[in-house]
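To keep things clear, I will list the structure first and then write my remarks on it.
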Amino acid sequence: MTRFLWRLIGISFAFAFLLSCSNPNEKVSSQSEIDFKVDSVLSLMTLEEKIGQLNQYSVGEEMTGPGNKDKEDSIKYHQLLSGRVGSVLNLLGAENTRKMQKLVVENSRLGIPLLFSYDVVHGYKTIFPIPLAESASWNLELMQKTASISAKEAAASGLHWTFAPMVDVSRDARWGRVMEGAGEDPYLGAEIAKARILGFQGDELSDPLTIAATAKHFAGYGFVESGKDYNSVNVNRQILMNQIIPPFKAANEVGVATFMNAFNDIDGTPATSNNYLLRDLLKGEWKFSGVVVSDWNSIGEIVNHGTAIDLKEASQQAINAGTDIDMEAGAYIKHLKSLIENGSVSEEVLNDAVRRVLKLKYDLGLFDDPYRYSDTQREKKTLMTPEFEETAKEIALESIVLLKNDQQLLPIQSAQKIAVIGPLAKDKDSPLGNWRAQATAHSAVSLYEGLNNTIDENTTLDYAEGVKLSIGPNSFHEKQQIEQADRSGFEQAKSVAKNADVVIMALGETAYMSGEGRSRADIGLPGLQLELLKEIYKVNTNIILVLMNGRPLTLSWEAENIPAILETWHLGSQAGNAIADVLVGNYNPSGKLSMSFPRTVGQLPMSYNHKNTGRPTSGPGMVFYTHHNDVENSPLFPFGYGLSYTDFEYGEIQLNNTSMAIDGSITASIEVKNVGRLAGKEIVQLYIQDVIGSTTRPIKELKAFQKELIEAGQTKTFTFKITAKELSFYREDGSFGPETGTFRIFIGNDSATASFKEFTLK
Ligand code: NOJ
């Protein structure tokens, strides 16, 4: 009885604090107030309730009320009601989230609200280009805007937290998840990470139009060996700190609310139980005060990695290393209590993890009003507005990269007979890409529809599918086995092509050929598409190849023979309209690759910022240097590459000084003239080489860029300020800073640019 009374008093005490900021429009309390409140709630919690806050389950609608539940669901349901679940993923919609929140708030002893989380990766209902595509826009402002729209839609649907952005740098296009990231470069990746996080989170997490973001996957996942998903990662400290870590560090600097573990091991320790990554670096050196969530069952997978004998030992390792929330392994809920009781995990470690989760709930304003995101009226008004669609088109336009345009085949002149051929031409689903959240299946504007909407009355369209393309392995949405040897559509496609002035071939990958679990060992055009292309080429060489894909592809034959190639990725809801605008010249393409396209898969992993090696070149006819005997060293299309319908002429690089003090700066500038007849946006890129270092250094590293519109005939001067920050790197001893000596500054229109000026850092 006395215990019961104490609890009651304690609870009312805590709720007095909770209610003290109960006006949802008021700015949520200051951080010290929040810390105080968090501690007061913590002091009321039982061990089981604390552990419950660290337990996350994936649940569906059936969990929002009593009903027929199988055994596992019934356990989850009862744990929810008793406050033994702190957050859920995959439950969506204002109504469902409200129902479940009510169940938990009203039935559990302390009524601590749940967090609702989901993978909102490139849009929620309005779908934007896949992240790799968006990254090719190099337009940080627009990427921030698409993330903020995604947040608005998701928040209106009851969600508090997205597992995005994925900020894994990757040099291997075989890895299916490159579609989710920003490509191969740590600097561009860091800038995009910041933009996306600021977009999702806005200025204040307490703003109900924003959601918490996640920097994932910490760390090294993009470096899985041979690009095979979930594979081991073997990178040295130099690569880890200078190539992999920068976007994560940037994410922390802009206040990302959560980090997610990676599935892989790194340096022999699974990322989920990695003390160095989580305790020393993230929570130690960087003072990250948010939440670390495991990846799906990644605590359970520590056992498969072979560094823990069972789930109990895995739980001990994960929580001690700093993984706060257990996603779907059911590990903490089963084992943390006994680990604490036998002293293998301290209460301090547990309390620290719980505090972080409670603090996130406070920051989101959930203690003020647990239902503030679950508003059906707001949901109805917010999803897929014409204004959001407009932005989806705008970023789609900027994400398209023109790879080749011989004979000025593009833009397409009016009054022509156009043949549109290929399995992706009328596909309304693939442009939505993988990780398309709540997109309605088959809801994208197809290329064919887009062209129909855009061409004038003097132009005609004819169509043939040519060949079918499988939907992709293990699709969640549709199972479709395609007969890979079916050439029965070739003849009709050839006759359509023969009668046309120009042929648009829509080829590439379906949505589920890239993404998680979709690594490929051969990254050429899948199935019979290349064969079809070669057949069409025999009857009409005026071909514009429109690629739709989730990763860089190997396109050697295509690049040699096809006069025009447009990379359009998986461009989202407005795909067809955007592609059509570029094809007919309503928009002048301005995207540039954020990932190199190799000539052949044997070149992978590859990136522009490689080391010089001891044998970078050799004399004529010599073989003893760094190269493959059967392919050139360069990529087919380098990082930073992309053409325009106009031409830009670069002047000479100007430096305002030949030397710079460590605490000083140097200014580099260059004139860029639009010498063509059309206005166009150009992305001017600045790379730096640290010529001699205490460790081997990359031949070039992107350190700044600017994207600007230049009118036809206009000359613009681009100016960049370089300080010690741009010259710094993680050295052998772990310290971060610049080293004195010679540096080269390259400025150009892609990473292959060769002209540079030197200066000395003193
Ligand atoms: C596994 C993926 O690796 C991760 O990125 C995602 O957030 C979770 N599943 C949840 O869906």
Side-chain angles (χ1 to χ4, degrees), residues 55-60 85-92 115-124 130-132 147 150-151 154 159-170 175-182 189 193 196-197 200 211-224 227-233 244 247-248 251 256-266 270-272 274 290-302 304-305 318 323-331 433-439 474-477 512 514-519 550:
N55 184 29
Q56 179 177 99
Y57 286 140
S58 171
V59 301
V85 181
S87 50
V88 302
L89 70 151
N90 297 338
L91 184 83
L92 310 164
L115 282 171
F116 295 113
S117 56
Y118 190 48
D119 291 283
V120 183
V121 174
H122 54 110
Y124 179 73
I130 56 169
L132 182 66
S150 309
L159 294 166
H160 311 135
W161 176 16
T162 176
F163 300 131
M166 184 188 99
V167 305
D168 296 310
V169 166
S170 182
W175 189 45
R177 300 197 78 167
V178 296
M179 55 90 30
E180 265 179 85
R196 290 193 167 133
I197 290 161
F200 286 127
I211 54 178
T214 306
K216 72 185 188 185
H217 304 85
F218 198 54
Y221 192 24
F223 279 68
V224 280
K228 195 161 65 176
D229 210 358
Y230 319 118
N231 207 2
S232 306
V233 169
I244 295 172
F248 289 101
V256 72
T258 73
F259 268 64
M260 184 186 286
N261 298 137
F263 283 126
N264 52 279
D265 70 327
I266 188 158
T272 305
N274 201 306
V291 173
V292 176
V293 61
S294 79
D295 202 344
W296 183 282
N297 188 37
S298 69
I299 299 179
E301 290 177 15
I302 296 173
N304 298 341
H305 277 291
T323 298
D324 303 311
I325 291 183
D326 166 11
M327 181 198 287
E328 266 293 315
N434 203 334
W435 291 116
R436 80 259 302 263
Q438 284 303 288
N474 311 318
S475 162
F476 298 126
H477 302 273
Y512 294 103
S514 62
E516 187 181 350
R518 273 72 170 199
S519 292

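Order of appearance sets the numbers: ligands from 1, and atoms from 1 within every ligand. Every value quoted in this text rests on a predicted model; they were computed, and no experiment measured them.
Scanning all protein heavy atoms for the shortest distance to atom 11 (O) of ligand 1 gives Asp119 OD2, 2.4 Å. In this structure, atom 1 (C) of ligand 1 lies nearest to the protein heavy atom Asp295 OD1, 3.0 Å.
Each of the atoms 4 (C), 5 (O), 6 (C), 7 (O) of ligand 1 lies under 4.0 Å from some heavy atom of Lys216. When each atom of ligand 1 is checked for a heavy atom of His217 under 4.0 Å away, the hits are 3 (O), 4 (C), 5 (O). Close approach to Met260 involves these atoms of ligand 1, each under 4.0 Å from a residue heavy atom: 4 (C), 7 (O). Against a heavy-atom cut-off of under 4.0 Å, Phe163 is close to the following atoms of ligand 1: 7 (O).
A heavy-atom separation below 4.0 Å is found between Phe263 and ligand 1.
Ring-plane geometry between Phe259 and Phe218 is classed as perpendicular, the angle between the planes exceeding 60 degrees on a 0 to 90 degree scale with a lower cut at 30.
When atom types are taken as modelled, the side chain of Asp295 and the backbone of Ser298 share no donor-acceptor pair closer than 3.5 angstrom.
Counting heavy atoms under 4.0 Å from ligand 1, residue Met166 does not touch it at all. Under 4.0 Å from ligand 1, not a single heavy atom of Glu328 appears.
Considering only residues two or more places apart in sequence or on other chains, Glu516 meets the salt bridge (Lys or Arg N to Asp or Glu O under 4.0 Å) condition with Arg177.
Summarising the geometry, atom OH belonging to Tyr124 is positioned 4.5 Å from atom CD belonging to Gln438; distances are rounded to the nearest 0.5 Å. Atom CZ in Phe223 sits 4.5 Å away from atom CD1 in Ile244 (nearest 0.5 Å).
At a cut-off of 3.5 Å, with distance as the only test, no side-chain donor of Glu301 or Tyr230 sits close to an acceptor on the other residue. Remark: the Asp229 side chain and the Tyr221 side chain contain an N/O donor-acceptor pair separated by less than 3.5 Å. The closest side-chain donor-acceptor pair between Trp161 and Thr258 falls under 3.5 angstrom.
Between Glu180 and ligand 1, no pair of N/O atoms sits closer than 3.5 Å. The N/O atoms of Tyr221, backbone and side chain alike, include none that comes under 3.5 Å of an N/O atom in ligand 1.
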